[in-house]
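Within every chain, numbering begins at 1; the chains are lettered A, B, ... in the order of the sequence lines, protein sequences first and strands thereafter.
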There are 2 protein chains.
Amino acid sequence: MRPREFNHDDVLRIAFDQFWRKGVRGTSLSDIARDAGVQRGSLYNAFGSKEALFLLAYERYAGDYLIALQKALGTGSLRKRLTAFFDSTITNFRSGSPPRGCPTTRGLMELGAAEGEGLDEDARQAFANLISRITALVQDALSAGAKRGEFSGNPAAAALHIITVTRGLAVIERAFDDEPQLRKIAAHTIDLVLDKMGR
Amino acid sequence: MRPREFNHDDVLRIAFDQFWRKGVRGTSLSDIARDAGVQRGSLYNAFGSKEALFLLAYERYAGDYLIALQKALGTGSLRKRLTAFFDSTITNFRSGSPPRGCPTTRGLMELGAAEGEGLDEDARQAFANLISRITALVQDALSAGAKRGEFSGNPAAAALHIITVTRGLAVIERAFDDEPQLRKIAAHTIDLVLDKMGR
DNA sequence: GCATGTTTTTGACACCGTGTCAAATATACC
DNA sequence: GGTATATTTGACACGGTGTCAAAAACATGC
């Protein structure tokens, strides 16, 4: 057995950085190979395809991101938690220079581009999965808030609404490059959700 | 002068149909040329580049779409108008089979994929412009509603919130392919906006 | 220590995409 | 009818994905 000359995880990290900055379609395996100091053929040998490589790299990101959101949603009043949640979300979109946007949203929009081409069903599953898990986190926070009398609406519906807004923010971010606006929308959403019922 | 052998507008229509179904990156000029019965080189001669062709085709779409939304927002109570607005939006996302999603959102997410590559600044402007104009339409409807006592909040902030939700719906649509869910979120948003203040 | 087997690496290839260019072509106008 | 001008056409350069066989590097057994 000839030993592998590169570190699996290093390559995933380097690859996701490029995918995030330039999109999946906009990143070539040559780019990644150059950055990682690996031959392009070695990547095919190790991962099979660009999409498979992306999926592995994305799972890595998704795990880290979920943990960060969990932390943000963990302490304080419901209002504080939601504020921290939106804050983490926007900070994530706006990281890098120029800002890299939301990998999940950008990935989702590349789906089914050409007939069999582009990211396929596995990728859609991965994106949908992260969104579902984030929704569950928010719903839990709202349910906990409801128990403490900080909120009296339907946690499921409110969580879905909040998640939809975060997805919308990811789009608005690409359109206008106006971070204060994003934060204003987030604040307004929190007001809307918390002021409607209970509080 | 040798006369052009194809109809400009026909090609734009055919091209946008493909862009919408398969995304800008996922559509090749060969595809469009085949569909339109035109030589690929002729398209380069007539439009300059894929991006320029897309921009023309998109402007066509944007104009038609704005008119449709204007009509939806034109009559009835504020609640009825907003309902019709979300309805038009979702119907647009869900048109075609499989559903084609939102061209603006999908286009926005392809921006800045590779360094100088991908859709460039002109496209971003076009996307942002349509979003801005739609926002203005919604804001006008809210302002009118405010005058008639159907709404007592801040029209600008509420319009921005509603637009953000529609962008979020475009993302959720790609993730879950669940139209009833989209309509539920839309209804919930209307409730949230109209129940908060006034009404 | 050396031969063997297995995996990784490497480079060549086929194919498809964009965009450019010069040559051929078809018309309008004089 | 000849000429100018714009369009069409086909060849080309370049870069992307993915495949494949040959070369290379190590682990193992003798």
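- Along DNA chain C, the nucleotide nearest B/Pro3 and the nucleotide nearest B/Arg34 are compared for position; the residue whose nucleotide lies closer to the 5' end is B/Arg34.
- Rounding to whole angstrom units, CZ of residue B/Arg2 and P of C/dA26 are separated by 6 Å.
- Between the side chain of A/Thr27 and the backbone N or O of A/Gln18 there is at least one donor-acceptor pair closer than 3.5 Å.
- One atom, CZ of A/Phe19, and another, C1' of D/dG16, lie 13 Å apart when rounded to the nearest Å.
- No side-chain N or O of B/Asp17 forms a donor-acceptor pair with one of B/Tyr61 less than 3.5 Å apart.
- One can place CG of B/Asn45 at 17 Å from P of C/dT18, the figure rounded to the nearest angstrom.
- Put simply, CZ on B/Phe54 is 14 Å from P on C/dG19, counting in whole angstrom units.
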Apply salt bridge (Lys or Arg N to Asp or Glu O under 4.0 Å) to A/Arg94 and A/Glu173, showing your working.
-> CA-CA 8 Å; A/Arg94 300 294 292 175; A/Glu173 189 270 330; 2.8 Å; yes
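- Taking every side-chain heavy atom of B/Tyr44 into account, C/dG19 is the closest of C/dG17, D/dG16, C/dG19.
- Between B/Glu110 atom CD and B/Phe54 atom CZ the span is 7.5 Å, to the nearest 0.5 Å.
- Residue A/Leu29 contributes atom CG, which lies 11 Å from atom P of D/dT19 at whole-angstrom precision.
- Inter-residue side-chain proximity for A/Pro180 and A/Asp178 is flagged as met; some heavy-atom pair is nearer than 4.5 Å.
- Looking at heavy-atom distances under 4.0 Å, B/Phe47 makes no contact with the nucleic acid at all.
- What separates CG of B/Leu43 from P of C/dC21 is a distance of 18 Å, to the nearest Å.
- Closest contact between the side chain of A/Ser42 and the listed nucleotides C/dT9, D/dC26, C/dA24 involves C/dT9.
- Per the geometry, CZ belonging to A/Arg40 stands 12 Å off C1' belonging to C/dA14, to the nearest Å.
- Rounded to a whole Å, the CE atom of A/Met1 is 23 Å from the P atom of C/dA3.
- OP1 or OP2 of D/dT7 sits under 4.0 Å from a side-chain N or O of B/Arg4.
- Between A/Gln39 and C/dT9 there is no side-chain polar atom (N or O) within less than 4.0 angstrom of OP1 or OP2.
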